[in-house]
Amino acid sequence: MDDDPLIVAAVGSDLEEKGYGVTTADSGEKAIDWLNRSVFDLVITDLIMMPVNGIAVLRKAKEIDPDTAVIILTGFGDMPSAIDALRFDADDYLLKPCEPQELDFKISRCIERLQLKRRIGIYERMLSVCPMCKKIREDSAKGSDPEQWVPMETFLHDKAEMSIEPTYCPSCAKDFHRLGIDIGIDLDKL
């Protein structure tokens, strides 16, 4: 989000070419309107805009979802604005004009940190695991049964958006081999 339509178009187009879903806004007011209506993983905002500046957009994004990553871009960087950005939990602060590779790097780092935060959040919620069947109690389940138990694979797939690849660790593979059970794994490659 920037009040310069050329920057908005250039950055938006570049990110779309890289496969990101992009929503653009040409003012702080429009950005806050979008934040109130949709969920965003990352917000890139100009610092100096009138009447709603990038710090206001940053604050609103973090108020709605503290995990939303926010990168502040500015052509007028100074120490007080950088301190404000950090005080309100900006994930990065870049001076314009910046190299496209630098912005790409910062974006990928923000997305990577966001994915790690989400995974950590999932692991923190994995409080109850049945020792027999390994199902997880889904405490956030809606409805009449607040203690819904779901298979671990379902929980990880639905909550962490992780694909589960069944495989055997080397120790278990060797145990199956000792028992004469063929599980289709070449033990020499372990």
Side-chain angles (χ1 to χ4, degrees), residues 1-127 138-140 142 155-163:
M1 182 265 317
D2 198 300
D3 56 0
D4 182 338
L6 294 175
I7 292 175
V8 170
V11 172
S13 176
D14 185 50
L15 293 175
E16 283 177 338
E17 286 177 15
K18 290 179 172 60
Y20 293 106
V22 176
T23 301
T24 60
D26 60 5
S27 70
E29 297 96 333
K30 287 182 185 174
I32 288 176
D33 184 47
W34 275 114
L35 287 167
N36 285 323
R37 292 189 285 142
S38 300
V39 176
F40 295 94
D41 292 334
L42 172 67
V43 173
I44 302 171
T45 182
D46 189 13
L47 178 65
I48 307 297
M49 297 178 294
M50 291 299 178
V52 177
N53 67 19
I55 297 295
V57 173
L58 163 66
R59 292 178 74 178
K60 186 63 172 180
K62 294 294 185 173
E63 173 189 316
I64 292 170
D65 181 359
D67 289 338
T68 298
V70 179
I71 297 175
I72 302 282
L73 293 176
T74 184
F76 306 99
D78 59 10
M79 189 58 72
S81 68
I83 290 170
D84 278 347
L86 292 174
R87 183 178 328 134
F88 294 113
D89 206 21
D91 294 270
D92 223 315
Y93 182 94
L94 292 169
L95 294 176
K96 293 190 290 187
C98 63
E99 294 295 320
Q101 298 87 350
E102 182 180 16
L103 183 59
D104 290 345
F105 175 75
K106 301 291 185 171
I107 290 169
S108 64
R109 294 254 340 251
C110 285
I111 298 297
E112 183 179 303
R113 280 194 303 259
L114 177 62
Q115 291 169 339
L116 289 173
K117 278 184 191 177
R118 286 178 177 164
R119 284 189 178 151
I120 289 168
I122 288 165
Y123 296 138
E124 288 173 344
R125 290 191 310 269
M126 294 173 78
L127 300 176
E138 171 56 86
D139 290 332
S140 65
K142 305 277 189 247
F155 185 86
L156 291 174
H157 179 268
D158 294 350
K159 297 296 180 182
E161 300 174 3
M162 296 170 60
S163 1

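In this chain, residues are counted from 1 in sequence order.
The line from CG of L95 to CG of L47 is 10.0 Å long, rounded to the nearest 0.5 Å. A distance of 11.0 Å separates CD of E99 from CG of D104, quoted to the nearest 0.5 Å. In this structure, OH in Y20 is found 8.0 Å from CG in L42, a value given to the nearest 0.5 Å. Summarising the geometry, atom NZ belonging to K106 is positioned 11.0 Å from atom CG belonging to D91; distances are rounded to the nearest 0.5 Å. With rounding to the nearest 0.5 Å, the separation of OG in S81 from CG in L86 is 9.5 Å. Taken from CD1 in I55 to CD1 in I72, the straight-line distance is 5.0 Å, to the nearest 0.5 Å.
Listed here is the closest heavy atom pair of W34 and F40: O-CE1, 3.4 Å. Shortest non-hydrogen contact noted between L73 and C98 is CD2-SG, 4.3 Å. Closest heavy-atom contact between V8 and A25: CG2-O, 3.8 Å. For T45 against M49, the heavy-atom pair with the smallest separation is OG1-CE, 3.6 Å. Contact between R59 and F88 at its shortest, heavy atoms only, is NE-CE2, 3.4 Å.
Applying the side chain to side chain donor-acceptor pair (under 3.5 Å) test to E112 and every residue at least two apart in sequence or in another chain returns nothing. The side chain to side chain donor-acceptor pair (under 3.5 Å) search around R87 returns D84, not counting sequence neighbours. When the side chain to side chain donor-acceptor pair (under 3.5 Å) test is applied to T68, no partner is found at least two apart in sequence or on another chain. Under the rule for a salt bridge (charged side-chain N to carboxylate O under 4.0 Å, His left out), E102 has no partner lying at least two apart in sequence or in another chain. For D67, the side chain to side chain donor-acceptor pair (under 3.5 Å) criterion is met by no residue, not counting sequence neighbours.
In this structure the side chain of T23 never reaches within 4.5 angstrom of the side chain of S38, judged on heavy atoms. At least one side-chain heavy atom of I44 sits under 4.5 Å from a side-chain heavy atom of I107. Using a 4.5 Å heavy-atom cutoff, the side chains of L35 and E63 are not in contact. Counting heavy atoms from C-beta on, the side chains of V11 and L103 come closer than 4.5 Å.
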Working for side-chain contact (heavy atoms from CB on, under 4.5 Å), residues I48 and N53: CA-CA 5 Å; I48 307 297; N53 67 19; over 6 Å; no
Go through the steps for R109 and R113 under the test side-chain contact (heavy atoms from CB on, under 4.5 Å), then give the verdict. CA-CA 6 Å; R109 294 254 340 251; R113 280 194 303 259; 3.4 Å; yes
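Note on residues 6-15: pairs passing salt bridge (Lys or Arg N to Asp or Glu O under 4.0 Å), not counting sequence neighbours, are D14-K18.
The main-chain N or O of E29 is never found under 3.5 Å from a side-chain atom of D33 such that the two would form a donor-acceptor pair.
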